[in-house]
Colleague: 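Input: one structure, supplied below.
The structure displayed is predicted, hence computed values, not measured ones. Numbers here are sequence positions counted from 1.
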Amino acid sequence: MTGPVVVVGDILLDRDVEGVVNRLCPDSPVPVLDESTAVDRPGGAGLAAVFAAALGAEVALVTALADDEGGARLSTLLAAAGVQVYALPLRGATPEKIRLHARGRVLLRHDRGGPAGEPGEPSEAALRLLASASAVLVSDYGRGVARQPALRCALAATRAPVVWDPHPRGPAAVPGVHLATPNESEVRELVKTGPGASRLATASRGAQELRRRWRAGAVTVTLGGDGALLCHAGSTPLVVPATASAEGDTCGAGDRFAATASIALSRGALVSEAVQAAVTEASAYVAAGGVATALPPQARPVPVTGSRPGGGDRVGVGAAAAVVAAVRAAGGTVVATGGCFDLLHAGHVATLEAARRLGDCLVVCLNSDAGVTGLKGPDRPVVPQGDRGRLLAALGCVDAVLVFDEPTPQAALTWLRPDIWVKGGDYATDGEPGLPEAELLSRWGGHTVVVPYLDGRSTSDMIAAARAGGATAGSGDRVPGPPPGVAVGVDVAAAKGAR
């Protein structure tokens, strides 16, 4: 099969905080960590997806994202890693795991996010994705995605090889998976064995029982630095030793193992060959320094509320999250649009007003200063992002402004998941290619629409006129914005019914 490798499972936001301990707290005998650096990364199924992408595969991730700042940050990190995200809505907060380090050792892990929220329904696009995958990795972290009924039906029906990385708090693997990859401690929790048995005997008995219980083609138990034990057809297990002995941070080694095995199966390898490749890759991963050295360069942080000068309380991730969550809770329609909005003029206002009429809130995705410079050249923007955001937020038709640094709004849209994406422009809509964001919106059942241009002003000509001595911009410029009720790129009634 030639489709992408699809990772399914729960995503977390991991943060590694490095610091120095030079003193104890005066009011309690505990060390004080002076933070020096902090690095965010996708955790859970997100880490497995990033690893698969780093190994050269085309990767799509089916997961649940919350309407909060953690969800926005994860969207940015995944987009930077080249992972396509098919997001299910998630009630509650993004789970976060914060590790505090000093001199390379973990002092404390702080978990936050509360109990697992309930994932929503997958889109039709996500279900079609599973049917066309070259391999599927279920990376279960026990927070509900692997229990989702529609996803389980699609996983059971796919013709692609399925690798299941289980969690003791998660559900059983769907019947017929090609390979399950528990570690030793997970096997001991999933299969109760009597005392006194050797390590290999315990792993072998547990693997055989899980293989029978789940009707799996094979079960491999990862043994840390000692490699893995594989049980498949026949009564004699295969022991695959590690290629090198290495001491180091093993965080993420199981995800590396499962991702490597999934890619090997997608390319036609036998299960035994996939396990051998996975042991080799996981051993090399730990020997090279683990997750600290294996991830691609960190993406720029997503701005949070108040982090942009002069932004006001309607600018930032927090503001957008609050608006979107409230509208979705009421069953409303979320509309988004985007652009540089360097010199706000009547054409912009007409576009924004037309967009707001299509739903129950409007979130503007605003290019940052660096983004505008990349698109327009070194002389732009004329107005800094803080002022641009404040001006947009002051408009009655704008409910929130989200500033993004990337060249395209892909990460912002993946998190926002608007029902309708609106652009002003002369894009063809009759049998010609539409907006470049259309494929992205289809992942969650959203719609793209175009608001036609009308004659008027443009930012570029306003700047040129000002530099030429203040002359009025030419009438040949065009201003987007139809009158109320004008037909746009899709059926508006159908678009407003999208959720």
Side-chain angles (χ1 to χ4, degrees), residues 5 7 9-21 33 35-57 59 61 73-74 77-78 80-83 95-111 137 139-141 163 165-167 181-186 220-228 240-264 274-299:
V5 173
V7 181
D10 313 291
I11 193 169
L12 307 91
L13 179 60
D14 284 349
R15 173 168 294 172
D16 290 309
V17 177
E18 187 70 37
V20 177
V21 175
L33 180 73
E35 179 178 336
S36 54
T37 60
V39 177
D40 293 345
R41 54 183 168 83
L47 184 60
V50 170
F51 283 159
L55 292 169
V59 180
L61 172 64
R73 181 70 176 129
L74 284 168
L77 294 170
L78 291 166
V83 176
E96 299 183 36
K97 296 185 182 298
I98 304 167
R99 295 173 177 85
L100 305 181
H101 301 255
R103 296 184 178 179
R105 296 182 178 274
V106 178
L107 301 179
L108 178 71
R109 195 183 89 180
H110 172 205
D111 290 2
L137 167 59
S139 182
D140 184 17
Y141 274 75
V163 176
D165 192 4
H167 192 281
T181 63
N183 61 32
E184 283 185 279
S185 62
E186 289 165 345
T220 184
V221 181
T222 55
L223 304 172
D226 293 323
V240 181
T243 54
S245 178
E247 296 292 333
D249 184 3
T250 60
C251 177
D255 295 304
R256 191 78 168 197
F257 181 98
T260 303
S262 301
I263 292 173
V275 170
Q276 291 177 60
V279 168
T280 299
E281 180 62 38
S283 300
Y285 164 84
V286 174
V291 72
T293 59
L295 291 179
Q298 179 171 315

Colleague: Val21: what forms a side-chain contact (heavy atoms from CB on, under 4.5 Å) with it, not counting sequence neighbours?
Modeller: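 Residues passing side-chain contact (heavy atoms from CB on, under 4.5 Å) with Val21: Pro31, Leu33, Ala102, Leu107.
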Colleague: Which heavy-atom pair separates Asp165 from Gly254 by the least distance, and what is that distance?
Modeller: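 The pair with the smallest heavy-atom distance is OD2-O, 4.1 Å.
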Colleague: May I ask you to decide whether Asp14 forms a salt bridge with Lys97, counting only side-chain N to carboxylate O separations under 4.0 Å?
Modeller: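 Judged by the 4.0 Å cut-off on N to carboxylate O distance, Asp14 and Lys97 do not form a salt bridge.
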Colleague: With Thr220, which of Val279, Thr181, Asn183 fulfils side chain to side chain contact (heavy atoms under 4.5 Å, CB included)?
Modeller: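 Checked Val279, Thr181, Asn183 against Thr220; only one passes side chain to side chain contact (heavy atoms under 4.5 Å, CB included): Thr181.
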Colleague: To the nearest 0.5 Å, what is the distance between CG (Leu100) and CD (Glu18)?
Modeller: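 Output value for this atom pair is 10.0 Å.
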Colleague: Looking at residues at least two apart in the chain, or sitting in another chain, which of them share a ring pair (Phe, Tyr, Trp, His ring centres under 6.0 Å) with Tyr285?
Modeller: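 By the ring pair (Phe, Tyr, Trp, His ring centres under 6.0 Å) rule, Tyr285 matches Phe51.
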Colleague: For the residue pair Gly46 and Leu78, what are the closest heavy atoms and their distance?
Modeller: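 What the structure gives for the nearest pair is O-CD2, 4.1 Å.
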Colleague: Quick check: do Val50 and Leu77 have side-chain heavy atoms less than 4.5 Å from each other?
Modeller: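 No; the side chains remain at least 4.5 Å from each other.
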Colleague: Shortest non-hydrogen contact from Ala48 to Ser139?
Modeller: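 Looks like CB-OG, 4.2 Å.
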Colleague: Does a side-chain heavy-atom distance below 4.5 Å link Arg256 with Leu55?
Modeller: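 Arg256 reaches Leu55 side chain to side chain.
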Colleague: I'd like to check the side-chain contact (heavy atoms from CB on, under 4.5 Å) partners of Ala277; sequence neighbours left out, ordered by chain and number.
Modeller: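 side-chain contact (heavy atoms from CB on, under 4.5 Å) list for Ala277, sorted by chain: Thr260.
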Colleague: Please say which of Val286, Thr250, Leu47, Val39 ends up in a side chain to side chain contact (heavy atoms under 4.5 Å, CB included) with Val291.
Modeller: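 The single option meeting the side chain to side chain contact (heavy atoms under 4.5 Å, CB included) with Val291 is Leu47.
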Colleague: Between Arg15 and Glu96 (salt bridge meaning N to carboxylate O under 4.0 Å), is one present in this structure?
Modeller: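 Between Glu96 and Arg15 there is no salt bridge, as every charged N stays at least 4.0 Å from the carboxylate O atoms.
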Colleague: Which atom pair, heavy atoms only, marks the closest approach of Leu137 to Ala258?
Modeller: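 Where Leu137 meets Ala258 most closely, the heavy atoms are CD1-CB, 3.7 Å.
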Colleague: Let me confirm one number: the CZ-CG distance from Arg41 to Leu74, rounded to the nearest 0.5 Å.
Modeller: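 The distance works out to 11.5 Å.
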Colleague: Taking all non-hydrogen atoms of both residues into account, name the closest pair between Ala53 and Ala81 and its distance.
Modeller: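 That closest heavy-atom pairing would be CB-O, 3.7 Å.
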Colleague: Going by salt bridge (charged side-chain N to carboxylate O under 4.0 Å, His left out), name the residues that satisfy it together with Glu186, two or more places apart in sequence or in a different chain.
Modeller: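 Not a single residue meets the salt bridge (charged side-chain N to carboxylate O under 4.0 Å, His left out) criterion with Glu186.
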Colleague: Where do Ala253 and Ala282 come nearest, in terms of heavy atoms and distance?
Modeller: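 Ala253 and Ala282 have their closest heavy atoms at O-CB, 4.0 Å.
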Colleague: Check side-chain hydrogen bond (donor to acceptor under 3.5 Å, both in side chains) between Asp255 and all other residues, then give those that pass, not counting sequence neighbours.
Modeller: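 Partners of Asp255 by the side-chain hydrogen bond (donor to acceptor under 3.5 Å, both in side chains) criterion, ordered by chain and then number, come out as Tyr141.
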Colleague: With sequence neighbours excluded, tell me which residues meet salt bridge (charged side-chain N to carboxylate O under 4.0 Å, His left out) with Arg105.
Modeller: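 Salt bridge (charged side-chain N to carboxylate O under 4.0 Å, His left out) check on Arg105 returns nothing, list empty.
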